[in-house]
Novice: 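Okay, here's the structure, questions in a sec.
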Number of protein chains: 2
Amino acid sequence: MKIAIYGYGNLGKGVECATKYHKDAELVGVFTRREPSTVKTVLDTPVFSVDKLLDFKDKIDVLIICGGSATDLPEMTPSLAKDFSVLDSFDTHAKIPEHFERVDKAAREGGNIALISGGWDPGLFSIARLYASSVLPEGADYTFWGRGVSQGHSDAIRRIDGVLDARQYTVPVPEAIESVRGGDTPSLTTREKHKRECYVAIADGADKARIEKEIKTMPNYFADYDTTVTFVSAEELRMAHSGLPHGGSVIRNGKTGKDGENTHTVEFSLRLDSNPEFTASVLVAYARAIYKMKARGEVGCKTVFDVAPCDLSPLSPEELRKKML
Amino acid sequence: MKIAIYGYGNLGKGVECATKYHKDAELVGVFTRREPSTVKTVLDTPVFSVDKLLDFKDKIDVLIICGGSATDLPEMTPSLAKDFSVLDSFDTHAKIPEHFERVDKAAREGGNIALISGGWDPGLFSIARLYASSVLPEGADYTFWGRGVSQGHSDAIRRIDGVLDARQYTVPVPEAIESVRGGDTPSLTTREKHKRECYVAIADGADKARIEKEIKTMPNYFADYDTTVTFVSAEELRMAHSGLPHGGSVIRNGKTGKDGENTHTVEFSLRLDSNPEFTASVLVAYARAIYKMKARGEVGCKTVFDVAPCDLSPLSPEELRKKML
């Protein structure tokens with residue numbers, strides 16, 4: 001299958017590298033809104049202007065859109081779905097139904113297939129929630145994120161006056177995760193589930209007390225959490241906090257038996273050295289799936305819920321039954 | 001959907017109880033090869049002789065076959081697939097391709113749909129292996145079982161002269177599972193992955209040393225494992241070891257990045273108070289899926305690999321996208 005990348009940030013780089021490992025994926029190129037000559041790719045993949053994209057209409061099987069969910073994807077995905085089979089990692093959970101409708105309409109107009117909200121949450125975590133709740137209808141489930149870097153929270157700190165750079169880690173509260181792993185189904189507040197660790201580099205002479213207070217009281221981002229602020233040098237921030245690790249766990253505890261006397265714990269967890277590279281790897285597997293589904297004549301917008309597991313694999317159904325069942 | 005149970009052992013009882021929790025499942029009855037009047041069901045579900053099964057041809061949407069994999073299912077599932085849409089938990093991994101072919105042929109002849117090898121391994125564990133290996137092609141995966149009761153190994157001990165009763169627990173070796181969880185990809189021997197704990201009640205005057213030696217040297221079952229034998233009274237065995245807990249973990253470690261510099265750990269794990277009740281709950285979710293797939297006109301044999309996650313849920317695609325993605 002011939003893949004192209006639309007947008008070349010961390011996620012686009014991740015998709016580029018992922019095609020090294022997914023042997024059935026051939027990378028046609030990277031399409032950018034920037035001047036192509038200014039973009040240096042990791043694996044010397046050719047770079048083209050997005051203005052040239054339509055010239056590649058018959059040379060691309062799946063276009064992986066690597067834009068941001070806030071402003072890029074709500075425009076890009078429906079627009080591109082008219083001419084290409086597309087894939088995105090749209091992750092604004094509350095706006096998924098609206099995004100789905102717009103992409104579905106565009107894809108059907110163009111006779112294309114699309115998959116939105118691929119990745120790990122939404123994505124593999126959503127699938128874990130669906131399997132566990134379908135198998136154990138009476139129960140409760142919990143999603144813990146981290147330990148991992150939240151780009152949105154890091155950016156929020158960077159906007160504070162006097163801050164040079166910052167890195168925010170979302171961390172599950174150990175007592176909460178252990179209680180749930182032990183089979184309990186507690187009601188947990190936001191504060192009881194996650195805490196936030198902030199590493200902040202500030203300008204010479206900036207007021208630490210004010211900055212710490214501004215962080216800890218920031219509505220939505222930090223006020224509802226136990227937050228720690230550690231001031232470090234810009235140098236230390238670059239050296240010790242340059243990665244983008246993430247991960248987390250989806251856990252469901254459910255009951256069975258004549259009178260609910262038996263408890264079962266189902267857990268799906270990820271520990272990722274690189275959030276964008278793992279997300280990219282999920283997207284390439286789903287590119288394979290929608291390529292297969294398109295070949296069977298399917299059109300319109302899909303999500304990870306609509307894709308049978310076998311379509312993600314390069315192996316044939318016979319091989320899968322023999323080797324993996 | 002109208003469900004019936006064929007065969008009433010621990011798994012059949014589990015399916016009966018599971019229909020209490022799966023609100024869209026209506027239980028038509030239990031079909032048994034025994035004299036129906038001798039079978040007392042947990043929830044007073046009506047019991048019929050298997051001889052009457054064809055009278056129910058239009059009253060059953062999905063027949064869940066709760067027989068053993070060694071001799072029952074290879075005969076029962078193809079035979080019943082001619083007249084009913086059926087589901088089984090066939091778990092002899094090496095014989096799955098052959099079983100699939102026979103069930104597929106019978107189901108197609110009857111215009112029915114069938115799903116074989118539902119449950120958790122094969123089943124949910126197989127799906128976890130498939131997702132993780134499709135996303136991270138370069139890596140290694142590991143399946144650890146337990147801590148849990150192995151019925152086959154318990155039975156093998158019971159066949160030893162002088163043994164009254166026995167219970168065998170399969171236990172993952174902690175050092176192995178921690179190494180894999182930490183991101184390593186070691187080559188592990190059978191002995192390095194699992195150990196076996198045996199609790200054995202013996203007849204008065206039976207020779208403990210001989211029995212322990214016979215267990216520990218038994219080929220295939222115990223000889224390749226570090227095995228501990230603990231002699232207990234028949235009373236203690238009944239009191240402390242009456243449950244059928246099980247579980248385990250599927251873990252894949254895979255690499256991404258320009259030069260494989262980043263490692264990701266994907267883990268799916270189960271901790272089950274009752275192996276048959278959880279397996280039964282998985283089967284009822286898949287009964288829902290094949291009921292939906294049949295309504296869309298699909299026929300033939302399927303496995304868990306062929307079922308899109310959304311078909312397992314009683315929720316509509318719109319609700320799923322809104323609530324669970």
Side-chain angles (χ1 to χ4, degrees), chain A residues 14 17-18 21-23 42-43 93 96-97 100 117 122 124 126-131 133-138 183 255-258 262-274 277-278 280-282 285 288 303-310 312-314 317-318 320-322 324-325, chain B residues 14 17-18 21-23 42-43 93 96-97 100 117 122 124 126-131 133-138 183 255-258 262-274 277-278 280-282 285 288 303-310 312-314 317-318 320-322 324-325:
Chain A
C17 291
Y21 303 91
H22 293 258
K23 304 294 183 191
V42 177
L43 301 174
H93 291 260
I96 286 174
F100 180 91
S117 304
L124 300 187
S126 319
I127 294 172
R129 288 188 282 264
L130 176 47
Y131 275 106
S133 64
S134 299
V135 169
L136 297 171
E138 192 158 314
K255 296 203 170 293
T256 66
K258 189 183 177 193
N262 288 315
T263 298
H264 310 280
T265 301
V266 180
E267 176 167 356
F268 178 74
S269 60
L270 295 172
R271 219 201 45 248
L272 312 175
D273 273 359
S274 164
E277 287 182 9
F278 185 80
S281 300
V282 175
R288 177 183 300 123
T303 75
V304 294
F305 293 157
D306 304 307
V307 176
C310 61
L312 294 168
S313 175
E318 292 75 18
L320 287 174
R321 286 193 292 271
K322 195 169 172 186
M324 220 168 277
L325 198 62
Chain B
C17 291
Y21 303 90
H22 293 257
K23 303 296 185 193
V42 177
L43 301 174
H93 291 259
I96 285 173
F100 180 91
S117 304
L124 301 186
S126 318
I127 293 170
R129 288 187 281 264
L130 177 46
Y131 275 106
S133 64
S134 298
V135 169
L136 298 171
E138 190 157 316
K255 298 204 169 292
T256 66
K258 189 184 177 195
N262 287 315
T263 298
H264 310 280
T265 300
V266 181
E267 176 168 357
F268 179 73
S269 62
L270 295 172
R271 218 199 46 247
L272 312 174
D273 273 358
S274 165
E277 287 181 8
F278 185 78
S281 300
V282 176
R288 176 181 301 122
T303 75
V304 295
F305 293 157
D306 304 307
V307 177
C310 60
L312 294 169
S313 175
E318 291 76 17
L320 287 175
R321 286 193 293 270
K322 196 170 172 186
M324 219 169 277
L325 200 59

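Below, chain A is the first sequence line, B the second, and so on; all start at residue 1.
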Novice: Which one wins on heavy-atom pair count under 4.5 Å against chain A: B/Pro314, B/Ser313, B/Gly14, B/Ser117?
Specialist: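 That would be B/Ser313.
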Novice: Look at B/Pro309, B/Ser126, B/Pro137 and state which one has the largest set of heavy-atom pairs under 4.5 Å with chain A.
Specialist: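 Between B/Pro309, B/Ser126, B/Pro137, the count favours B/Pro309.
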Novice: So does A/Thr263 get a backbone contact from the side chain of B/Asp273, meaning a donor-acceptor N/O pair under 3.5 Å?
Specialist: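 Indeed, once roles are kept as given, a pair shorter than 3.5 Å links the two residues.
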Novice: Heavy-atom distance under 4.5 Å to chain B: side chain of A/Val282, backbone, both or neither?
Specialist: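 A/Val282 touches chain B through backbone and side-chain heavy atoms alike.
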Novice: Taking every heavy-atom pair that is under 4.5 Å apart, which of A/Ser134, A/Cys17, A/Ser133, A/Gly183 has the most such pairs with chain B?
Specialist: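 Heavy-atom pairs under 4.5 Å are most numerous for A/Ser134.
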Novice: Using non-hydrogen atoms only, which part of A/Thr303 is less than 4.5 Å away from chain B: side chain, backbone, both, or neither?
Specialist: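 The answer is the side chain of A/Thr303.
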Novice: With a 3.5 Å distance limit and no angle check, can you tell me whether A/Tyr21 reaches the backbone of B/Gly257 through a side-chain donor-acceptor pair?
Specialist: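 It does hold such a pair.
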Novice: Check whether B/Leu130 gets within reach of chain A through its side chain, its backbone, both or neither, counting any heavy atom under 4.5 Å.
Specialist: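 When you check distances to chain A, atoms from both the backbone and side chain of B/Leu130 fall under 4.5 Å.
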Novice: Let's test your reading of the structure: which of B/Lys23, B/His93, B/Lys258, B/Glu138 forms the most heavy-atom pairs below 4.5 Å with chain A?
Specialist: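 Option with the top pair count is B/Lys258.
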Novice: So what's closer than 4.5 Å to chain B heavy atoms on A/Ile127: side chain, backbone, both or neither?
Specialist: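 For A/Ile127, the side chain is the part near chain B, not the backbone.
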Novice: If you count heavy-atom pairs under 4.5 Å between each of B/Ser281, B/Ala285, B/Pro122 and chain A, which one has the most?
Specialist: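 The option with the most such pairs is B/Ser281.
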Novice: A/Leu43 versus chain B, heavy atoms under 4.5 Å apart: side chain, backbone, both or neither?
Specialist: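 Interface part for A/Leu43: side chain.
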Novice: Parallel under 30°, tilted from 30 to 60°, perpendicular over 60°: which one fits the rings of A/Phe278 and B/His264?
Specialist: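 A/Phe278 vs B/His264 ring planes: tilted.
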Novice: Listed by chain and number, what are the ring-ring contact (aromatic ring centres under 6.0 Å, His included) partners of A/His22, not counting sequence neighbours?
Specialist: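 If we apply the ring-ring contact (aromatic ring centres under 6.0 Å, His included) test to A/His22, skipping adjacent residues, there are no hits.
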Novice: Could you look at A/Ile96 and say if it's the side chain, the backbone, both or neither that has a heavy atom under 4.5 Å from chain B?
Specialist: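 Answer is side chain: those atoms of A/Ile96 sit under 4.5 Å from chain B.
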